[in-house]
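See below for the structure under consideration.
In this chain, numbering begins with 1 at the start of the sequence shown.
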Amino acid sequence: MVATILAAALAIGTSDVQDYFPLAAGSVRTYEEEVVANGKKFTLSVVETVGSETALKRFEPYTDPDDKENPQKYRPVEGMGIEVLTSVDGRKGIPTYYEYRDNRVFIVGVETGVLMEKVYPIFAIGRNPEQWSYSGEIPVMGAPALATIEGETRVRKDYRFEGKDYPAVETTLHTHISFGGDLDADSVQRSVYAKGLGLVEFEEKGKQGSNTTTRKRKLVKVRNG
């Protein structure tokens, strides 16, 4: 048993993060999602379609000392992100842009073609457990909000999908979003990622004031690009 656990820990340390969070262009993952919000239950079909790596841009202010009349200007900041479109019950997909950095996956954009000023990690592998944190702005409903995120990934037993076992890891994210007093929001997300498949299970429990929401998502079909 000890040898098995040690082997798993070494394996995750040498595995590429792209094995567990694959973003190959043309991949399509279909999930069934169950949402319970303040006692009301909904079942949704969620489809994630991976696009190509896309050029992103934002503009940052700067002061031009050589222009005495109009010193305040903007210059472009460019980056790249892999686009993933998420559609719910057939509605038009909403884009999210991801970037691999070493052993982590960052969200770098949530608007078409727009690079975020503050990017943040949502997944990492390496040690067992692999831990990380982030403190800063994240986009919430189209506006920046201050947040703290504590993440941890652990090796877990294999995940069975369509009669086959896949090496898997489990990631837990604790997120606190500061809106002010009773408006602050907290959530705990548990996600299971299988090697070669990506996200296979997801559960989130969120609370803001007296409002509570639970989401559960499970992979039902995958087409790799």
Side-chain angles (χ1 to χ4, degrees), residues 17-37 40-59 77-101 104-124 134 137-145 147 149 151 159 161-162 171 173 175 177 185 187 189-206 213-225:
V17 66
Q18 297 182 41
D19 290 340
Y20 288 88
F21 205 109
L23 292 172
S27 298
V28 180
R29 299 180 184 89
T30 303
Y31 299 89
E32 183 178 275
E33 180 167 293
E34 179 184 281
V35 180
V36 179
K40 296 183 179 180
K41 183 177 178 180
F42 308 89
T43 300
L44 308 168
S45 176
V46 178
V47 178
E48 292 186 346
T49 303
V50 182
S52 59
E53 190 171 30
T54 303
L56 306 175
K57 183 186 292 186
R58 64 179 173 83
F59 292 88
V77 179
E78 299 178 338
M80 300 294 291
I82 300 172
E83 183 181 71
V84 177
L85 293 177
T86 301
S87 62
V88 179
D89 285 349
R91 293 191 291 273
K92 183 179 179 180
I94 299 173
T96 303
Y97 298 91
Y98 299 90
E99 181 185 352
Y100 296 116
R101 296 187 183 181
R104 299 185 179 188
V105 178
F106 284 75
I107 290 181
V108 297
V110 293
E111 297 179 65
T112 301
V114 179
L115 178 68
M116 295 193 314
E117 181 179 358
K118 304 290 186 180
V119 304
Y120 60 96
I122 60 164
F123 178 73
Y134 170 81
E137 293 181 350
I138 65 172
V140 180
M141 302 296 288
I149 301 174
Y159 185 88
F161 180 74
E162 295 185 339
T171 294
L173 291 178
T175 303
I177 304 175
S187 73
Q189 299 177 353
R190 183 192 67 86
S191 303
V192 178
Y193 296 87
K195 190 174 183 179
L197 295 177
L199 179 68
V200 290
E201 281 189 6
F202 168 86
E203 180 176 356
E204 179 182 33
K205 296 180 179 179
T213 303
T214 300
R215 291 195 300 146
K216 295 182 180 179
R217 182 182 294 184
K218 190 169 185 178
L219 182 69
V220 295
K221 185 168 63 175
V222 61
R223 187 185 75 206
N224 290 320

Any L219 side-chain heavy atom under 4.5 Å of F161 side chain: yes
Non-neighbouring partners of E137 that pass side-chain hydrogen bond (donor to acceptor under 3.5 Å, both in side chains), sequence neighbours left out: none
Distance in Å, F59 CZ paired with E117 CD, rounded so as to fall on 0.5 Å steps: 14.0 Å
Which atom of A194 lies closest to which atom of Y20, heavy atoms considered: C-CD2, 4.0 Å
Least distance between heavy atoms, M116 atom then G109 atom: CG-CA, 3.6 Å
Distance, nearest 0.5 Å, that separates CD1 of I138 from CD1 of I122: 11.5 Å
Verdict with supporting geometry, M80 and E99, side-chain contact (heavy atoms from CB on, under 4.5 Å): CA-CA 7 Å; M80 300 294 291; E99 181 185 352; over 6 Å; no
Ignoring hydrogens and angles, write down the donor-acceptor pairs under 3.5 Å from the side chains of residues 21-32, residues two or more places apart or on other chains.
unit_1: S27; atom_1: OG; unit_2: A24; atom_2: O; d: 2.9
unit_1: S27; atom_1: OG; unit_2: G225; atom_2: N; d: 2.8
unit_1: R29; atom_1: NE; unit_2: L197; atom_2: O; d: 2.8
unit_1: R29; atom_1: NH2; unit_2: P22; atom_2: O; d: 2.8
unit_1: Y31; atom_1: OH; unit_2: L199; atom_2: O; d: 2.8

Over 12 non-hydrogen atoms of neighbours within 6.0 angstrom of CG in L44: yes
Test salt bridge (Lys or Arg N to Asp or Glu O under 4.0 Å) applied to E48 - qualifying residues, sequence neighbours left out: R217
Minimum-distance pair of heavy atoms, taken over all atoms of V192 and Y159: CG1-CD1, 4.1 Å
Gap between atom CD of Q189 and atom CD1 of I149 - 0.5 Å precision: 8.5 Å
Heavy-atom pair of closest approach, residues V114 and L56: N-CD2, 4.0 Å
Atom pair NZ (K57) and CG (L115), whose distance is rounded to the nearest 0.5 Å: 11.0 Å
Heavy-atom side-chain proximity of Y98 to I107 below 4.5 angstrom: yes
Criterion salt bridge (charged side-chain N to carboxylate O under 4.0 Å, His left out) on E201 and R190, from CA distance to verdict: CA-CA 8 Å; E201 281 189 6; R190 183 192 67 86; 3.5 Å; yes
N/O donor-acceptor pair under 3.5 Å between T86 side chain and V84 backbone: no
Minimum heavy-atom distance between E83 and Y97, given as atom pair plus value: OE2-OH, 2.8 Å
Minimum heavy-atom distance I177-A145, with the two atoms named: CG2-CB, 3.8 Å
Min side-chain heavy-atom separation R215-E33 under 4.5 Å: yes
